Amino acid sequence: MDFNKLSDILFPRIEKTPADYESMFPARGIPGDAKVTRLGPSPTGFIHLGNLYGAFVDERLAHQSGGVFYLRIEDTDDKRYVEGAVDTIIDSLDFFDIHFDEGAGKDGDTGDYGPYYQSSRGPLYQCFVKELVRKGLAYPCFMTEEEIGEIRTSQEAGKETPGIYGSYAQSRGLTLEQVQAALDAGKSYVMRLRSGGDPKDPAEIKVEDGIRGTLTMPENFQDVVILKANGIPTYHFAHACDDHFMRTTHVVRGEEWLSSLPIHVELFEKLGFDLPIYCHTGVLMKLDENGNKRKLSKRKDPELALDFYKEKGYHPQAVREYLLTVLNSNYEEWRTANPDLPCEDFPFTIEKMSTSGALFDLNKLNDVSKDTLVRIPADELAGFLRSWAAEYRPELSDILSDDMLLKILDLGRDGKKPRKDFICASQMFDFI
RNA sequence: GGUCCCAUGGUCAAGUGGUCAAGACGCAGCCCUCUCAAGGCUGAAUCACGAGUUCGACUCUCGUUGGGACUACCA
């Protein structure tokens, strides 16, 4: 098989070489210990507490080290796009005082490592798929959905690992002529990785996780899809290319990604990229009706939506403080010792992060909130209340004068033992 | 089913072979107080289970159980 020829047949329009991209996106000119992190939401417009949790880690890691925190929109699934989602994401995080240094923005991209929408990075992805094909590490797969489905059912019946690998990867051995014929016939196809893993006896791989330490897993042996039939890359492939060329140093993501880590390891290796440092966080949990922990779900748990806190009128700073107590167990101790320092001064470390899913605790949030609000000057708080009321209780905002608001807020706040009545704006106004 | 992750009170957790097993939230009681919110004091409550290693295991190893994630041309 002439892989060079195959790659030209498949990607005739790709002119750039990997080396071109390497020089287009050189290493960032930042100090050696500075961290580059990113938030990579899919543009569904739904941003939840888990996103904020992760974003907070990213933001702290980058800004604490003098690095860069950027926003990349992972819109490789065209079915999911929701209009205006990017603005929502930026605004929501902005409300909680999390700001991006570069990446997708409300008025277009900023930064030298773009474009920051995966949907605009097609040529780059294709260049690297082409390169893999040239090296015999990727191939077009013409199997139909039905064929794959049949293989799966037979695999399940035979208690084998489902998937396309080894001898099940029927398109692996296609000749150039067969590929050409299938192409001429207008058959739809995906691009698959030709995995080097051994399905019968997968080798053990070890990855150092920033939070969890050494992870041991079996190597990948699946010929995973890297380019879908529509030419758009899968998350796995886009992740490898993007985080390499955007020079991400730390990839913070939820533990649900743990099981696809072997795929990423093989992809980075085959592409010749250095692996970033992965930081797999625990997932926020909740106690269900039966007393079991379960992942917060956006349908059943209103407190998962960021808007929940906004509507309730929790001060963003309170939510930040709460998240920090969940994020780093030694934060509360630090806060007690340094009641007046901004929380940015806290030396956040990934090593101190919990590996198991933390349970969301509204009681704790309320308590943290009381303490936080007491530290915020009355006039600032009045401004917060006013803008909150304007949005959620317009009928009230006329009744209260600034003067009155200030007086109410100032009640008993002085002295060594300030009053701590207030938790959130809605509660305050209910009271009034 | 397979693979991987996780396991200290109701919750968040400290702890890395020898501790009376921190601390915080919540809960109960008492004190302070005109009332409430705070604050102070006190209390109930935890190492999932079973083997092993060891003079000694919450800590190390192996099993078991339980919970979770993944197992897509979704991220």
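Within every chain, numbering begins at 1; the chains are lettered A, B, ... in the order of the sequence lines, protein sequences first and strands thereafter. All values reported here derive from a predicted model rather than from experimental measurement.
- Rounded to whole Å, the separation between the P atoms of B/G1 and B/C60 comes to 27 Å.
- Here B/U11 is the nucleotide among B/A75, B/G68, B/U11 with the atom lying nearest to any side-chain atom of A/Asp361.
- A salt bridge does not link A/Arg38 to A/Asp58: none of the charged side-chain nitrogens sits closer than 4.0 Å to a carboxylate oxygen.
- Between A/Phe384 and A/His315, the angle of the ring planes lies from 30° to 60°, which puts this pair in the tilted group.
- Residue contacts shown for A/Ser188 are absent, as no nucleic acid heavy atom lies under 4.0 Å away.
- When rounded to the nearest whole Å, the span between CD of A/Glu147 and C1' of B/C73 equals 14 Å.
- Taking the C1' atom of each, B/A72 and B/C27 are spaced 47 Å apart, rounded to whole Å.
- Within 4.0 Å (heavy atoms only), A/Val190 reaches at least one base atom of the nucleic acid.
- The distance between atom CD of A/Glu160 and atom P of B/G2, rounded to the nearest whole Å, is 14 Å.
- A straight line from CG of A/Leu261 to P of B/A75 spans 18 Å, rounded to a whole angstrom.
- Ionic pairing of A/Glu332 and A/Arg335 is not present here: no N-O contact between side-chain nitrogen and carboxylate oxygen is shorter than 4.0 angstrom.
- Nucleotides B/C30 and B/A13 have their C1' atoms positioned 28 Å apart, rounded to a whole Å.
- Nearer to the 5' terminus of RNA chain B, by closest-nucleotide assignment, is the contact made by A/Thr214 (compared with the other of A/Thr214 and A/Pro233).
- Within the 4.0 angstrom heavy-atom criterion, only backbone atoms of the sugar-phosphate kind lie near A/Arg152; the bases stay farther away.
- In this pair, A/His264 and A/Tyr278 present their aromatic rings parallel. The plane angle is below 30°, not in the 30 to 60° band.
- Ring pair A/Phe128/A/Tyr21 is tilted by interplanar angle, where 30° to 60° counts as tilted.
- For the C1' atoms, the distance from B/C47 to B/C12 is 16 Å, rounded to whole Å.
- Contact annotation: A/Lys352 reaches the phosphate of B/G15 (side-chain N/O to OP1 or OP2, under 4.0 Å).
- Distance from the side chain of A/Val225 is smallest for B/C73 among the nucleotides B/U3, B/A75, B/C73.
- OP1 and OP2 of B/C4 both lie 4.0 Å or more from every side-chain N or O belonging to A/Arg212.
- Salt bridge present: A/Arg375 and A/Glu321 bring a charged side-chain N and a carboxylate O closer than 4.0 Å.
- In terms of phosphate contacts, A/Lys420 brings a side-chain nitrogen or oxygen within less than 4.0 Å of OP1 or OP2 of B/G39.
- At the phosphate of B/C74, OP1 or OP2 sits under 4.0 Å from a side-chain N or O atom of A/Lys228.
- Sequence order on RNA chain B of the closest nucleotides to A/His236 and A/Met217 puts A/Met217 first from the 5' end.
- B/A24 sits 34 Å from B/C5 when the P atoms are compared, rounded to a whole Å.
- Between A/Phe221 and A/Tyr165, the ring-plane angle classifies as perpendicular under the 30° and 60° cut-offs.
- The NZ atom of A/Lys159 sits 21 Å away from the P atom of B/U71 (whole-angstrom rounding).
- Atom CG in A/Asp367 sits about 11 Å away from atom P in B/A24, given to the nearest Å.
- Spacing between atom CH2 of A/Trp257 and atom C1' of B/A72 amounts to 11 Å, rounded to whole angstrom units.
- On the P atoms, B/G23 is 15 Å away from B/A45, given to the nearest whole Å.
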Original post:
When Watson-Crick pairs (N1 to N3 and N6-O4 or O6-N4) and G-U wobble pairs (N1-O2 and O6-N3) count only below 3.5 Å on both distances, what is the dot-bracket string of RNA chain B, with | for other-strand pairs?
Top reply: ((((((((.[[[..)..(....]]].(((((.......)))))....[[[[[..)....]]]]])))))))....

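- Remark: A/Lys135 is not positioned above the aromatic ring of A/Phe3, lacking an NZ or CZ atom under 6.0 angstrom from the ring centre and at most 45 degrees off the axis.
- Comparing B/C4, B/G68, B/A38 by their nearest atom to the side chain of A/Leu258 picks out B/C4.
- Rounded to whole Å, the P atom of B/A22 lies 14 Å from the corresponding atom of B/A14.
- The interatomic distance linking A/Glu204 (CD) with B/U3 (C1') rounds to 13 Å, in whole Å.
- For A/Lys364, no side-chain nitrogen or oxygen approaches OP1 or OP2 of B/G26 to under 4.0 Å.
- Between the A/Asn338 side chain and the A/Asp340 main chain, no donor and acceptor come within less than 3.5 Å of each other.
- Although no hydrogens or angles enter the test, the distance criterion places no donor-acceptor pair under 3.5 Å between the side chain of A/Trp334 and the main chain of A/Pro339.
- In this entry the distance linking CD of A/Glu256 with P of B/U3 reads 21 Å, nearest Å.
- Taking only side-chain nitrogens and oxygens, A/Thr76 comes nearer than 4.0 Å to OP1 or OP2 of B/A75.
- When distances run from any side-chain atom of A/Pro162 to the nucleotides B/C73, B/A75, B/G1, the shortest one goes to B/G1.
- Nucleotides B/C25 and B/A38 place their C1' atoms 15 Å apart, quoted to the nearest Å.
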